[in-house]
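Heads up, the thing below is written out as structure tokens.
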Amino acid sequence: MKNIAIIGASGYTGAQITALIDNDTSLSIQGLYVSENSLDKGKALAELYPAYQQIKLSLSPLTADAKQSIVEEADGVVLATDHAVSLELAAYFYKQGLAVFDLSGAYRFADIEQYPKWYGFEHTQQDVLAEAVYGLAEWNHQQIAGSKMIAVPGCYPTASLTALKPLTPYLTDAYPVINAVSGVTGAGRKAQLHTSFCEVSLTPYGVLGHRHQPEIATHLGQEVIFTPHLGNFKRGILATITVQLAKGTTEADIAKAYQVYNDSPLVSVLQNQFPKVDDVVNTPNCIVGWKYDSQSNYLVVASAIDNLMKGAASQGLQCIKIHFGL
Ligand SMILES: NC(=O)C1=CN([C@@H]2O[C@H](COP(=O)(O)OP(=O)(O)OC[C@H]3O[C@@H](n4cnc5c(N)ncnc54)[C@H](OP(=O)(O)O)[C@@H]3O)[C@@H](O)[C@H]2O)C=CC1
Ligand SMILES: CC(=O)N[C@@H](CCC(=O)OP(=O)(O)O)C(=O)O
């Protein structure tokens with residue numbers, strides 16, 4: 001039994017991973033935490049999320065004493081916090097010997113130079129960053145098992161990389177073009193004008209400048225064009241990707257490449273059939289559907305996940321279980 005502390009537990013991803021860990025017999029919850037001055041400190045999680053009546057835990061402020069208790073009692077810590085908050089907390093807990101599962105983007109680039117440009121801060125934790133591994137669960141099993149600093153991937157990168165990584169032998173200089181639509185929970189629980197009910201309407205954002213473009217490119221080893229869209233639904237992501245593959249690539253090559261997921265129970269691959277967001281919402285699954293034109297070598301592949309599950313919390317749980325060998 002491994003004991004896990006969850007920081008940022010009142011947020012969308014934090015509450016989701018709390019529910020998953022609470023339901024897992026090989027794990028226990030050391031505590032649920034919010035910021036020291038949080039308006040939610042002291043409240044039961046079920047007061048914020050009545051669907052989680054079975055969870056009898058309250059949200060504690062992350063004081064110095066609370067951090068000390070986490071270090072003494074927990075085996076691992078989940079950070080479901082903003083990138084800048086995770087940056088410091090991850091380094092603190094990692095240096096105290098805990099396994100850190102960070103849902104933010106603070107440790108996803110090995111190259112320290114990327115952070116000011118994409119995250120707006122200088123990365124102050126070079127030594128810890130050097131130990132960080134990318135928690136793309138179906139691809140990086142060994143690294144996740146071997147490091148105590150795990151950067152769980154972003155939601156769009158999870159959908160995109162799951163579809164594209166098997167195809168790397170067939171990619172050329174032509175950039176894959178990724179158009180992805182996310183539900184509004186992708187932006188987190190805090191109030192913001194652009195995510196308020198009357199403002200949300202399908203639209204692209206972050207065009208040619210979203211931080212997930214370099215995250216996808218880094219972990220694919222190939223530049224991409226990435227355009228996210230905000231959709232007027234709560235949960236889920238559909239990434240539809242168009243890419244021209246190397247001349248001579250056959251349908252059989254692609255089918256064979258996707259066999260890499262034959263032993264991955266959470267990833268399903270369909271040929272000439274495409275997933276809907278509703279097929280994956282509230283599940284840890286990724287469904288990939290593809291169709292290929294062997295005349296032009298153009299492939300269209302669509303990948304659907306739940307942003308809060310495979311895009312954050314359930315992939316975080318996969319990382320925890322891989323890391324601890326559960
Ligand atoms: N939403 C999504 O689909 C995905 C999100 N992510 C990433 O996961 C992380 C969490 O996202 P999300 O759940 O959406 O965010 P939310 O805004 O919903 O939740 C953030 C949580 O962090 C807490 N918090 C804020 N400041 C501190 C602090 N200083 N110390 C401790 N807790 C703090 C908040 O509570 P309070 O302010 O009351 O203290 C809240 O519990 C982010 O880095 C995000 O980029 C990754 C993949 C997908
Ligand atoms: C709809 C929406 O706003 N989505 C978020 C991505 C959420 C995610 O994956 O988070 P990371 O910040 O951890 O990379 C965005 O575009 O910023």
Side-chain angles (χ1 to χ4, degrees), residues 5-18 31-43 45 48-49 59-64 66-67 70 77-90 92-93 101-109 118-120 134-136 151-161 180-192 194-195 200 202-207 209-216 219 226-239 281 305-316 319:
I6 300 152
I7 301 179
S10 67
Y12 285 154
T13 62
Q16 180 68 80
I17 200 164
T18 299
L32 304 180
Y33 299 92
V34 288
S35 59
E36 261 194 278
N37 299 316
S38 173
L39 296 174
D40 293 321
K41 67 182 175 190
K43 291 183 187 167
L45 184 72
L48 272 56
Y49 297 92
L59 299 158
S60 304
L62 189 66
T63 58
K67 282 160 96 173
I70 293 172
V77 58
V78 171
L79 301 177
T81 41
D82 181 67
H83 320 290
V85 174
S86 283
L87 173 67
E88 306 296 334
L89 288 178
Y92 172 79
F93 288 112
F101 303 89
D102 180 19
L103 302 187
S104 89
Y107 288 82
R108 292 182 196 149
F109 292 126
W118 297 107
Y119 285 94
Y134 192 61
L136 192 65
V152 181
C155 48
Y156 291 117
T158 296
S160 306
L161 290 167
V181 188
S182 171
V184 185
T185 51
R189 185 167 177 264
K190 63 196 167 302
Q192 300 171 93
H194 77 282
T195 57
V200 175
L202 183 59
T203 186
Y205 67 99
V207 176
H210 193 281
R211 67 188 183 286
H212 286 175
Q213 178 265 318
E215 185 180 329
I216 298 165
H219 296 284
F226 167 64
T227 310
H229 298 68
L230 191 65
N232 61 348
F233 51 94
K234 289 181 183 172
R235 296 170 76 122
I237 284 184
L238 184 74
V281 163
I305 60 167
D306 182 325
N307 54 297
L308 296 181
M309 291 285 283
K310 184 66 173 161
S314 69
Q315 182 151 244
C319 290

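When a residue number appears, it is its place in the shown sequence, counting from 1. All heavy atoms count here, side chains included; hydrogens, waters and symmetry mates do not. Just follow the structure's listing: the first ligand is 1, and inside any ligand the first atom is 1.
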*Could you tell me which non-hydrogen atom of H229 sits nearest to which non-hydrogen atom of Y205, and how far apart they are?*
C-CE2, 3.6 Å
*asked:* I'd like to know whether ligand 1 has Y12 as a neighbour, heavy-atom separation below 4.0 Å.
replied: yes
*asked:* For T18 versus A9, what's the shortest heavy-atom pair and its separation?
replied: OG1-CB, 4.0 Å
*Between S86 and D102, do the side chains contain an N or O donor and an N or O acceptor separated by less than 3.5 Å?*
yes
*Can a non-hydrogen atom of S182 be found less than 4.0 Å from any atom of ligand 2?*
yes
*How far is atom 20 (C) of ligand 1 from its nearest protein heavy atom, and which residue and atom name does that atom have?*
A80 O, 3.7 Å
*Backbone N or O of G105 within a donor-acceptor pair of the H83 side chain at under 3.5 Å?*
yes
*Identify the protein heavy atom lying closest to atom 4 (N) of ligand 2, giving its residue, its atom name and the separation to 0.1 Å.*
G186 O, 3.2 Å
_Please list the nearest protein heavy atom to atom 23 (C) of ligand 1 with its residue and the distance rounded to 0.1 Å._
G8 CA, 3.7 Å
*Is atom 44 (C) of ligand 1 less than 4.0 angstrom from at least one protein heavy atom?*
no
*List the steps, then state whether side-chain contact (heavy atoms from CB on, under 4.5 Å) holds for L79 with V85.*
CA-CA 9 Å; L79 301 177; V85 174; over 6 Å; no
*Out of A312, G188, G316, indicate the one that has the non-hydrogen atom closest to atom 14 (O) of ligand 1.*
G188
*What is the nearest protein non-hydrogen atom to atom 34 (C) of ligand 1, stated with its residue, atom name and distance?*
S10 OG, 4.0 Å
_Under a 4.0 angstrom heavy-atom cut-off, which atoms of ligand 1 come close to T81?_
9 (C), 10 (C), 22 (O), 32 (N), 33 (C), 42 (C), 43 (O)
*Write out the residue and atom name of the closest protein heavy atom to atom 10 (O) of ligand 2, then the distance separating them to 0.1 Å.*
R211 NH2, 3.8 Å
*Applying side-chain contact (heavy atoms from CB on, under 4.5 Å), run through L48 and L59 and close with a yes or a no.*
CA-CA 10 Å; L48 272 56; L59 299 158; 3.9 Å; yes
*Thinking salt bridges, do K190 and D82 make one under a 4.0 Å N-O criterion?*
no
*In this structure, are over 12 heavy atoms from other groups packed under 6.0 Å from K234 atom NZ?*
no
*What's the shortest heavy-atom distance between S160 and I216, and which atoms?*
OG-CD1, 3.7 Å
*Near R189, which atoms of ligand 1 are under 4.0 Å from a heavy atom of that residue?*
16 (P), 17 (O), 18 (O)
*Residue H210 vicinity, atoms of ligand 2 by number, heavy atom under 4.0 Å*: 15 (C), 16 (O), 17 (O)
*Provide the number and element of each atom of ligand 2 under 4.0 Å from a heavy atom of L230.*
1 (C)
*Sub-4.0 Å atoms of ligand 2 with respect to non-hydrogen atoms of H83*: 11 (P), 12 (O), 13 (O)
*Which of the numbered atoms in ligand 1 are below 4.0 angstrom from a heavy atom of L308?*
1 (N), 2 (C), 3 (O)
*asked:* With a 3.5 Å distance limit and no angle check, can you tell me whether Y49 reaches the backbone of S10 through a side-chain donor-acceptor pair?
replied: yes
_Measuring only between side-chain heavy atoms, which start at C-beta, is K43 closer than 4.5 Å to V34?_
no
*Under 4.0 Å from any heavy atom of G311, which atoms of ligand 1 are there?*
47 (C), 48 (C)
*Evaluating non-hydrogen atoms only, which member of S86, C155, A180 is closest to atom 9 (O) of ligand 2?*
C155
_Heavy-atom closest pair, residues T227 and P204_ = CG2-CB, 3.9 Å
*To which of L79, N307, L62, D306 does the heavy atom nearest atom 3 (O) of ligand 1 belong?*
N307
*Which of the atoms in ligand 2, numbered in the order shown and given with their element, are less than 4.0 Å from a heavy-atom of G154?*
9 (O), 14 (O)
*Work out whether the distance between some heavy atom of N307 and some atom of ligand 2 is less than 4.0 Å.*
no
_At less than 4.0 angstrom from any non-hydrogen atom of V85, what atoms of ligand 1 do you find?_
28 (C), 29 (N), 30 (N)
*Would you check the N or O atoms of H212, main chain and side chain alike, for any that come under 3.5 Å of an N or O of ligand 2?*
yes
*Do the side chains of Y119 and R108 get nearer than 4.5 Å, heavy atoms only?*
yes
*Is N37 touching ligand 1 with its side chain, its backbone, both, or neither, if touching means heavy atoms under 4.0 Å apart?*
neither
*Just wondering, more than 12 heavy atoms not from L202 lying within 6.0 Å of its CG?*
yes
_Any side-chain heavy-atom pair of L89 and L62 under 4.5 Å_ = yes
_Is it the case that ligand 2 has an N or O less than 3.5 angstrom from some N or O of Y156?_
no
*Numbered atoms and elements of ligand 1 in range of H83, under 4.0 angstrom, heavy atoms*: 43 (O), 45 (O)
_Within the 3.5 Å criterion, strictly below it, is a donor on E215 or Y134 matched to an acceptor on the partner's side chain?_
yes
_Residue selection (non-hydrogen contact nearest atom 28 (C) of ligand 1) among S35, G183, S86_ = S35
_If I apply the N/O under 3.5 Å rule, does I7 come out as touching ligand 1?_
no
*Are side-chain heavy atoms of S314 and Q16 found at a separation under 4.5 Å?*
no
*asked:* Contact between V281 and F233 at the side-chain level, heavy atoms closer than 4.5 Å - yes or no?
replied: no
*With atom 3 (O) of ligand 2 as the reference point, say which of A151, A187, A106 has the nearest heavy atom.*
A187
_Measuring only between side-chain heavy atoms, which start at C-beta, is V184 closer than 4.5 Å to N232?_
no
*So which heavy atom in the protein is nearest atom 11 (O) of ligand 1, and how far is it from that ligand atom?*
T13 OG1, 3.6 Å
*Could you find the nearest protein heavy atom to atom 19 (O) of ligand 1 and give me its residue, atom name and distance?*
G11 CA, 3.2 Å
*Going by the atom numbers of ligand 1, which of them fall below 4.0 Å from some non-hydrogen atom of T185?*
1 (N), 2 (C), 3 (O)
*If you count the atoms of ligand 2 from 1 in the order shown, which ones are under 4.0 Å from a heavy atom of L103?*
13 (O)
_Nearest-neighbour protein heavy atom for atom 2 (C) of ligand 2, which is reported as residue plus atom name and distance_ = Y205 OH, 3.2 Å
_Suppose I only count heavy atoms of L103 and a 4.0 Å limit; which atoms of ligand 1 are within that range?_
6 (N), 7 (C), 8 (O), 46 (C)
_Under the criterion side-chain contact (heavy atoms from CB on, under 4.5 Å), I'd like the reasoning laid out for Q315 against I305: C-alpha separation, chi angles, the key distance, then a yes or no._
CA-CA 11 Å; Q315 182 151 244; I305 60 167; over 6 Å; no
*Tell me which protein heavy atom sits closest to atom 38 (O) of ligand 1, plus the residue, atom name and distance to 0.1 Å.*
S38 OG, 2.5 Å
*asked:* Using a 4.0 Å cut-off to any heavy atom of R108, which atoms of ligand 2 qualify?
replied: 11 (P), 13 (O), 14 (O)
